[in-house]
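Heads up: the structure comes next, in structure tokens.
Just so we're on the same page: letters track the sequence lines, and every chain starts at 1.
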Amino acid sequence: MTLRLFDSATRSVGDFAPRVPGKVGIYLCGATVQSAPHIGHMRAAVAFDVLRRWLQRGGTEVTMIRNVTDVGDTIFAKAEAAGVPWWEWALRNERLFTAGYDAVGNLPPAYEPRATGHIPEMLVLIAQLVEGGHAYERDGSVYFDVRSFPAYGSLTNQALEDLAPAEDSPEAAKRDARDFALWKAAKADDPAGATWGSPWGPGRPGWHIECSAMARRYLGESFDIHGGGLDLRFPHHENEQAQSRAAGDGFARLWMHSAWVTQGGAKMSKSLGNTLLVDAVLAEHSAAALRLALVGVHYRSMLEYGDATMDDAEATWARLSGFVTRAGESVGQPEARAVASATLPEAFVEAMDDDLAVPRALAIIHEAVTEGNAALASGDAEAAAAALLAVRAMLDVLGLDPEAEPWRSATGGAPLDALDALVRAEIDARAAARAAKDWATADAIRDRLAAAGITLEDGQEGVRWTLAGER
RNA sequence: GGUGGAGUGGCCGAGUGGCUAGGCAGCGGCCUGCAAAGCCGUCUACACGGGUUCGAAUCCCGUCUCCACCUCCA
């Protein structure tokens, strides 16, 4: 079975065939760095990180480009409100996004182009559109002529006459109210440093042109997959496609959109006052659990975030990572190379190939964990080792191998050794009390450790202890 | 008004015509001095009304409810 993906443009699932066998270019719309990232931003990033990992697992070479939009009205407005230059505000948030992406275990993209670094590429593209009769200049601004491009609206299946006017520019200046700005003439109230020269006079780029220009630069005139959040389909992606194709580029062959994080059924957004910032969530929960929560719902389904979401994810992570740790202690951890090349269970492969059906894939992982735990309990080392390898290999595809770099215990070394010595002394004292059937003393020791966040587990091979939030 | 999506057990969440999704929570059992972890078993479903079919959560018709996009959005 080959990988099948849902194409937003055709609204159907089909076999995925790269333009060049073995190589895939992905352009992912990243953040408009106007504010700190929330978990909805992370969800989109994680969804496409899983796509990338799955492609790479199949031997495909992936070039992942994730842009940063670092210029625009919302950035100007928020920077002014914060009393800092817009470029400082943008970079400050870009750093927060990068920290968030890293925290939840995303592989870094091949490149992260910034809009402000690609004005020349945009000007070339705009000039092409003007020359080709798809764009026109008015008062120092340049607009895309939607009526010049019959396929306009095809990505989102909308008829031109049903669309509302584009409000990113004055209606009176345009041939059609739905024409949108490629280049915005400088205005008196534009912030300092937000103006660039152009053949049409000083100004700054419109919102959509950057992605067309940067995708072309890094992935070529035609590339495999364009991704982003569902809310970018219109107008952003519709306009990107119109610009690029009107300029002669093949542009994206497949469009993928990830769905929201919702609360009470409604899209998470600032206007509703229910934004969940990444920092706030990570202050109370582990990053691995957050990734698990984000990845555990199919990427095209709404992810309902409630009170129990993170608690469930923590419990699930404890089950998965706990098995990996205990199995490793019992039969030894396989090497990373073995994990990367392990044969994956057929049902897991089928689920992932079916438009990245991660929830089904997770069910397969849970079944393997159950088998592995049973093998550990019965002392079947061979079966336990096989389950351990399979579980780690499957989790690795989701970016959740507990032994992989992002999730390995941050604590270690001397402090952990010192703590271990102290805890071992308590464990020994408890063992002595238990030997004397002094249950009150034994339980008091266990309770004292529990109060300090240390859990004891009496196993066949001795007493294990774990720190809260660790394994 | 246009376009698109959704309604599954206490909760989250898979599933496109017959075969146990899975997890969390609950209940019973095994293990344990008691726990914890783990294992085994088990309860609670397909928004509503019709229809097609031997058989429908799944297909068709209708109804209700909810959500998103329609130029800030992931």
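- Both the sub-6.0 Å distance and the 45° axial angle are not jointly satisfied by A:Arg178 relative to the ring of A:Tyr143.
- B:A57 and B:U16 are spaced 10 Å apart, taking the C1' atom of each and rounding to whole Å.
- Phosphate contact (OP1/OP2 of B:A74, side-chain N/O of A:Thr32, threshold under 4.0 Å): present.
- Out of B:U71, B:A14, B:A74, the shortest distance to the side chain of A:Arg360 is found at B:A14.
- Following rounding to the nearest Å, A:Leu320 (CG) and B:G38 (P) show an atom-to-atom distance of 10 Å.
- Atom name P, nucleotides B:G10 and B:U53: the rounded distance is 34 Å, in whole Å.
- Within 4.0 Å (heavy atoms only), A:Tyr152 reaches at least one base atom of the nucleic acid.
- To the nearest angstrom, P of B:A74 lies 17 Å from CD of A:Gln263.
- B:C24 and B:G4 are spaced 32 Å apart, taking the C1' atom of each and rounding to whole Å.
- Within the nucleic acid shown, A:Asp443 comes within 4.0 Å of at least one base atom, counting heavy atoms only.
- Across all strands shown, A:Glu238 has no heavy atoms under 4.0 Å from either base or sugar-phosphate atoms.
- With both ends at atom C1', the span from B:A25 to B:G13 equals 14 Å, rounded to whole Å.
- Counting any heavy atom pair closer than 4.0 Å across all strands shown, A:Thr309 reaches no nucleic acid atom.
- A donor and an acceptor atom sit less than 3.5 Å apart, one in the side chain of A:Arg446 and one in the base of B:A35.
- The CG atom of A:Leu362 sits 11 Å away from the P atom of B:G23 (whole-angstrom rounding).
- Using a 4.0 Å heavy-atom criterion, one finds that A:Ala313 contacts no nucleic acid atom at all.
- Comparing atom distances between the A:Asn239 side chain and each of B:U71, B:C39, B:G33 picks out B:U71 as nearest.
- Taking atom P on both nucleotides, B:A47 is separated from B:G41 by 29 Å, rounded to a whole Å.
- Nucleotides B:G26 and B:C11 place their C1' atoms 12 Å apart, quoted to the nearest Å.
- OP1 or OP2 of B:C69 has at least one side-chain nitrogen or oxygen of A:Lys267 nearer than 4.0 Å.
- Within 4.0 Å (heavy atoms only), A:His236 reaches no atom of the nucleic acid at all.
- The base of B:A74 is not paired with the side chain of A:His257 by any donor and acceptor separated by under 3.5 Å.
- As judged by a 4.0 angstrom heavy-atom cut-off over every strand, A:Leu456 is placed among the base-contacting residues.
- Qualifying side chain to side chain contact (heavy atoms under 4.5 Å, CB included) partners for A:Ala82, counting only residues two or more places apart in sequence or in other chains: A:Val84, A:Trp89.
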Show the distances under 3.5 angstrom between N or O atoms of the protein and N or O atoms of nucleotides 5-9 of chain B.
none

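- Between the side-chain ring of A:Trp260 and the base of B:A74, no stacking contact exists by the 5.5 Å and 30° definition.
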Tabulated below should be each protein N or O lying under 3.5 Å from an N or O of nucleotides 24-27 of chain B; please produce it.
| from | atom 1 | to | atom 2 | distance (Å) |
| --- | --- | --- | --- | --- |
| B:C24 | O2' | A:Asp312 | OD1 | 3.0 |

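- Partners of A:Asp15 according to the salt bridge (Lys or Arg N to Asp or Glu O under 4.0 Å) rule, which considers only residues two or more places apart in sequence or in another chain, are A:Arg4.
- Distances were taken from every side-chain heavy atom of A:Thr370 (C-beta onward) to each of B:C39, B:U71, B:G2; the shortest belongs to B:C39.
- The same atom, C1', is picked in B:G55 and in B:C12; the two are 30 Å apart, to the nearest Å.
- Atom CG in A:Asp231 sits roughly 9 Å away from atom C1' in B:A68 (whole-Å rounding).
- No option in A:Arg233, A:His257, A:Arg300 other than A:His257 meets the side-chain hydrogen bond (donor to acceptor under 3.5 Å, both in side chains) test with A:Ser8.
- Ring geometry for A:Phe149 versus A:His134: interplanar angle over 60°, hence perpendicular rather than tilted (30 to 60°).
- Here A:Gly40 lies in heavy-atom contact (under 4.0 Å) with a base.
- Out of B:C67, B:G4, B:G13, the shortest distance to the side chain of A:Pro359 is found at B:G13.
- Candidate nucleotides B:C72, B:A74, B:C34 were compared by shortest atom distance to the side chain of A:Thr74, and B:C72 ranks first.
- Between the side chain of A:Asn373 and the base of B:A37, no donor-acceptor pair under 3.5 Å is found.
- Residue A:Asp458 is in base contact, counting any heavy-atom pair closer than 4.0 Å across all strands shown.
- Atom CG of A:Asp162 is separated from atom C1' of B:U71 by 15 Å (rounded to the nearest Å).
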Pairing annotation in dot-bracket form, given for RNA chain B with Watson-Crick or G-U pairs under 3.5 Å and | for cross-strand partners:
(((((((..(((.....[...))).(((((.......)))))....(((((..]....))))))))))))....
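- Rounded to whole Å, atom P of B:A21 lies 20 Å from atom NE2 of A:His298.
- Using C1' as the reference atom, B:G49 and B:U42 are 34 Å apart when rounded to the nearest Å.
- When heavy atoms are screened at a 4.0 angstrom cut-off, A:Glu367 is found touching the sugar-phosphate backbone but no base atom.
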Check residues 428-436 of chain A and write down every donor-acceptor pair under 3.5 Å in which the side-chain atom is one partner and the other belongs to a residue at least two apart or another chain.
| from | atom 1 | to | atom 2 | distance (Å) |
| --- | --- | --- | --- | --- |
| A:Arg430 | NH1 | A:Asp458 | OD1 | 3.2 |
| A:Arg430 | NH2 | A:Asp458 | OD2 | 2.9 |

